[in-house]
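Here's the structure we're looking at; comments come further down.
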Amino acid sequence: MNIHEYQGKQMLKSFGVTIQEGIVAETPERAVEAAKELTKNTGTGMWVIKAQIHAGGRGKGGGVKLAKSLDEVKELAKKMIGMTLVTHQTGPEGKEVHKILIAQDVYYPGESEISEFYMSVLLNRQTGRNVVMYSTEGGMDIETVAEKTPHLIFREEVDPRVGLLPFQARRIAFNLGLSGKAFKEMTRFVTALYMAYEKTDSSLFEINPVLKTSDDRILAVDCKVNLDDNALFRHKDYIELRDLAEEDPAEVEASKNDLNFIKLDGNVGCMVNGAGLAMATMDIIKLSGGDPANFLDVGGTANAETVEAGFRIILQEPNVKAILVNIFGGIVRCDRVAQGVVDAYHKVGDIPVPVIVRLQGTNAEEGKKLIDDSGLKVYSAITLQEAADKVKDLVG
Amino acid sequence: MSVLVNKDSKVIVQGFTGSEGSFHAGQMIEYGTNVVGGVTPGKGGQTHLDRPVFNTVNEAVEQTGTDVSVIFVPPPFAADAIMEAVDAGIKVIVTITEGIPTQDMVKVKEYLTGHSSRLIGPNCPGIITADEAKVGIMPGFIFRKGSVGIVSRSGTLTYEAVDQVTKAGLGQTTAIGIGGDPIIGTSTLDAVKMFMNDPETEGIIMIGEIGGNMEADAAEWIRDYGSKPVVGFIAGQTAPKGRRMGHAGAIIGGKADTAAAKMAIMRECGIHVVESPAHIGETMARALKKD
C-alpha cells in the first residue's frame with residue numbers, strides 16, 4: 001500500500017526521524033491558515049506548496065512551488081488543488097490533485113553549505129536482508145545515478161539479529177562526507193529511519209532528498225513509503241491511510257470483490273485463476289496479436305459470483321473487443337466453473353463482445369460441453385493453444 | 001529416486017485441524033502420501049482423519065519420526081510455525097500459507113542458517129513426487145510418473161506445465177512449487193541443482209516470472225554445470241513496471257528483472273526458452289529427443 005508524503009512524514013516523525021515540517025490542506029483558505037500555523041511553529045518565512053499524489057517527479061510537473069507571501073500561498077493553492085498533474089510516473093493521463101502539503105522552507109542560507117543526499121531502506125531479495133541504500137547524489141532520479149555514476153551509490157546491509165549497528169550508521173555518515181554536528185545528526189537520522197522501517201513493516205522507504213541544512217540539521221524533505229500489505233493485520237491504524245482517490249476505480253471495485261485486478265490499456269480482457277497463469281495468459285494474448293486489457297486473478301474459487309464481478313469490471317473498459325477466461329481446474333471442477341460462467345453471463349445480461357472460455361483440468365470435457373450447449377456467444381477451448389488460436393481469429 | 005519427498009517420507013501437517021489443513025491433508029492421504037499426523041497447539045491428544053494430533057512439532061517428531069512438514073497455518077502465525085519445525089529438526093518444510101509479512105520472513109531466513117532444514121515456499125503449491133507423495137495442494141490427477149523435473153514460482157501455471165508434460169507422454173519425477181514471495185526458502189537454482197543430481201530426472205522445466213534474479217542465477221549455473229536439457233518460460237512479458245502482479249514477488253524493479261531480460265539470459269545460457277506457455281510440453285519432448 002502506498003501512502004502520501006504528508007502521511008509518511010508523520011509516520012517517520014513518530015519514530016524520531018527529523019522531517020521538513022508541513023501541514024496538509026484541501027482548500028486554499030485552509031492552506032493560508034496552515035502557512036500561518038507553520039510560521040508560528042517553525043519560524044519559516046516562506047512556504048513550499050507540494051501536491052500530494054502517489055507519484056514521483058512532481059517538481060518537474062509543476063507540483064512543487066515556492067510561495068514568498070501568504071497571498072502567493074493562496075494563489076498557488078488555488079491553482080494546484082484540482083489540477084491534473086502529469087509526471088513521468090503518472091502516465092500521460094496524469095493525476096488529479098486533491099490535497100496539498102504546505103511545508104516549511106528548509107533551503108535557507110546560513111553558515112555551512114546545503115547538500116542533498118539520497119537514502120532508501122528496502123529488501124535485498126538476493127540475501128533476504130534489509131539494506132540501507134544511499135548516495136551523495138540526492139534530489140535526482142536514483143535510476144539515473146545508478147546508470148551514470150554507480151560508484152556513488154552505497155549499500156549497508158543489516159543483520160536481522162542485531163539491526164542497524166552504530167558503526168554502520170557512522171560509516172553511512174562518513175561516506176556522505178559529513179563531519180561535526182551534521183555527522184552526529186546523520187547517524188541519529190539513519191538509525192531512527194531504519195527503526196521506523198522495521199517497526200512499520202514497510203517494504204520501501206525512499207527519502208529523496210535527505211537534506212543537510214545550512215545549520216547542519218538533517219531532514220527528510222520528501223518521502224515515499226510503501227507498506228507491506230501482508231503486515232497490515234498488525235497495523236490496523238494504517239488502513240485508514242489508504243487514499244482510494246489515488247487508485248483506479250475499477251481496481252478499487254475489484255478489491256472489494258476480493259479480485260486481484262490491474263488495469264492495462266489493451267483490447268482483450270482476461271480472467272484467470274492464479275497470478276502466474278494470469279501473467280502467462282496476458283503473454284499469450286500478446287503473442288496472438290491482441291493486447292491484454294488487464295491482469296485479473298480470480299483466486300482459488302472461480303464461482304458464478306467472482307466470474308460475474310470479473311465480467312462487469314472488464315466490460316467497463318470500452319476498448320475491450322474480446323474476453324478470455326482461462327481456468328485450470330485443479331481442486332475446483334471445470335463443469336462447476338463452466339456452470340458459473342454460464343450463470344454469470346446470464347446475470348450480466350448481454351455481453352457485447354465474444355467470450356472465450358478455456359477450461360482445463362478435472363472434468364474439462366464436461367465443462368466444454370456445458371459451454372457449447374449454452375447457446376451463448378461463448379467459444380470453448382481445452383488446450384492453451386486452442387485458446388490462443390481463438391484469440392487470434394477474433395482480434396489478431 | 002526423485003527429489004525432496006518420496007513414498008518413504010513421513011509427513012505431518014501443521015495447522016492440521018483447520019479447514020485448509022483438513023481438506024488438503026485428506027487429499028494428500030488419498031494420493032497415497034504417508035501422512036503420520038498433525039500439529040495444532042492445544043488439540044494434542046485428539047485424533048483427526050484417523051491420525052494423531054500433537055501440541056508441538058517436537059512431540060510429533062518424537063512419536064512418529066516425521067521428517068517432512070507441510071504448513072497451512074494462517075499468515076500471522078506462519079513464521080513461528082516454520083521456525084518451530086526448524087527447531088524440531090524437520091528436514092523438508094513446505095509452507096503453503098500466502099500472505100506472510102516480509103519482515104517475518106527476513107527473520108525466518110536468518111533462523112534457517114546454521115540449521116539443516118530445507119524450506120519450500122512460502123506462498124507455494126508444494127511438492128509432488130509422482131505416484132509417491134503429494135505434499136501440498138497440487139491436483140494429483142494431472143501427474144504421471146516420468147522423467148521430467150519441474151520447478152516453478154506459481155501454482156496454476158505449474159499445473160499447466162505438468163499437464164502439458166503428461167500429455168506429451170513424458171511424465172514427471174518431481175514438481176516443486178517454490179513460491180511467489182520476495183523471500184523464499186528454496187530458489188530456482190537450488191531446485192535445478194537437485195534435479196541435475198537426480199538420476200531419474202532427464203529433463204528440467206523451469207518456470208519463472210518477473211521480479212528478482214533467481215532465473216538468471218539458475219541460467220548461469222546451468223551454462224557452467226548443466227548436464228540435462230532445460231526448458232524455460234518467464235511469465236509477465238506484458239506486465240507493466242512497478243505493479244505487483246498478484247504475487248508479492250512479481251514486480252519489475254529494474255531492467256534486469258523484466259521477462260525479456262531474463263529470457264535473453266536464459267537463451268544465452270543454452271536453455272530452450274519458450275515464448276508461449278502453450279509450448280512448454282512439446283518443447284521438452286523435442287529437447288529430450290535431440291539431446
Side-chain angles (χ1 to χ4, degrees), chain A residues 89 122-123 125-130 143 146 158-161 197-198 201-203 228-234 260 262 264 266 272-288 291-292 295 297 299-300 326-332 360-362 383-388, chain B residues 23-24 27 75-76 98-110 125 137-139 141-142 152-160 163-164 167 180 182-183 207 209-214 217 233 235-240 242-250 254 259 275-279:
Chain A
Q89 287 185 8
L122 70 165
L123 176 76
R125 286 173 65 154
Q126 264 176 300
T127 58
R129 289 180 167 197
N130 297 309
E143 285 187 0
V158 181
D159 182 333
R161 286 169 303 186
Y197 170 83
E198 260 198 7
D201 270 300
S202 287
S203 44
D228 180 359
D229 293 358
N230 288 343
L232 287 176
F233 68 82
R234 53 187 171 216
N260 202 334
I262 293 172
L264 302 167
V272 189
N273 65 334
L277 189 59
M279 279 189 276
T281 303
M282 289 158 55
D283 295 343
I284 265 218
I285 289 169
K286 181 86 183 177
L287 288 167
S288 305
D291 265 310
F295 165 94
D297 173 11
N326 183 12
I327 306 289
F328 198 103
I331 305 301
V332 47
Q360 177 64 287
T362 322
T383 69
L384 206 45
Q385 191 56 53
E386 283 167 7
Chain B
F23 175 75
H24 289 291
Q27 298 271 316
E98 175 177 2
I100 303 178
T102 303
Q103 294 307 326
D104 288 8
M105 284 308 300
V106 170
K107 293 195 183 87
V108 169
K109 183 104 186 166
E110 189 60 36
I137 61 172
M138 296 192 199
F141 72 94
I142 55 173
S152 165
R153 277 168 72 179
S154 61
T156 44
L157 184 55
T158 313
Y159 312 162
E160 180 69 47
D163 191 58
Q164 287 181 28
K167 294 203 166 116
I183 298 183
I207 296 171
E209 54 191 37
I210 52 164
N213 50 0
M214 285 200 307
D217 289 348
F233 173 72
Q237 297 166 58
T238 51
R243 295 301 304 267
R244 180 182 133 165
M245 306 301 281
H247 292 158
E275 299 255 325
S276 163
H279 302 155

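Numbers restart at 1 for each chain; the letters A, B, ... are given by sequence-line order, proteins then strands. None of the values given here were measured: they were computed from a predicted structure.
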Please rank [options] by heavy-atom pairs under 4.5 Å with chain A and give me the top one.
options: B:Pro125, B:Gly211, B:Gly254; value: B:Gly211
options: B:Gly249, B:Ser152, B:Pro75; value: B:Gly249
options: B:Glu98, B:His279, B:Lys109; value: B:His279
options: B:Pro182, B:Ala250, B:Ser154; value: B:Pro182

Which portion of [X] sits near chain B, non-hydrogen atoms under 4.5 angstrom:
X: A:Ser202; result: backbone
X: A:Asn260; result: side chain
X: A:Ser288; result: neither
X: A:Ala388; result: neither
X: A:Glu143; result: side chain
X: A:Asp291; result: neither
X: A:Asn273; result: both
X: A:Gln360; result: side chain

Inset, instruction - Would you check, one step at a time, whether the test side chain to side chain contact (heavy atoms under 4.5 Å, CB included) holds for A:Ile285 with B:Thr238? - result: CA-CA 9 Å; A:Ile285 289 169; B:Thr238 51; over 6 Å; no
Legend entry - Among the listed options A:Arg161, A:Glu386, A:Glu198, the residue most often paired with chain B at heavy-atom distances under 4.5 Å: A:Arg161
Inset, instruction - Could you check which of A:Ala231, A:Gly274, A:Ala280 has the highest count of heavy-atom pairs closer than 4.5 Å to chain B? - result: A:Ala280
Inset, instruction - May I ask you to test the B:Asp104-A:Arg234 pair for a side-chain heavy-atom distance under 4.5 Å? - result: yes
Inset, instruction - Check the pair A:Asn130 / B:Gln103 against side chain to side chain contact (heavy atoms under 4.5 Å, CB included), numbers first and verdict last. - result: CA-CA 9 Å; A:Asn130 297 309; B:Gln103 294 307 326; 2.8 Å; yes
Inset, instruction - Start with the C-alpha gap between B:Lys167 and A:Thr383, add the side-chain angles, then the distance that decides, and say whether side chain to side chain contact (heavy atoms under 4.5 Å, CB included) holds. - result: CA-CA 11 Å; B:Lys167 294 203 166 116; A:Thr383 69; over 6 Å; no
Sort [X] into side chain, backbone, both or neither according to what part of it lies under 4.5 angstrom from a heavy atom of chain A.
X: B:Ile137; value: backbone
X: B:Glu160; value: both
X: B:Phe141; value: side chain
X: B:Gln27; value: side chain

Legend entry - From CA spacing to verdict: side chain to side chain contact (heavy atoms under 4.5 Å, CB included), B:Ser276, A:Leu287: CA-CA 7 Å; B:Ser276 163; A:Leu287 288 167; 3.6 Å; yes
Inset, instruction - Using modelled atom types only, decide if a donor and an acceptor are shared between the side chain of A:Asp297 and the backbone of B:Gly246 within a distance under 3.5 Å. - result: no
Inset, instruction - Look at the side chain of A:Asp283 and the backbone N and O of B:Gln237, then say whether any donor-acceptor pair between them is shorter than 3.5 Å. - result: yes
Inset, instruction - Please identify each residue that fulfils ring-ring contact (aromatic ring centres under 6.0 Å, His included) with B:His247, with sequence neighbours left out. - result: none
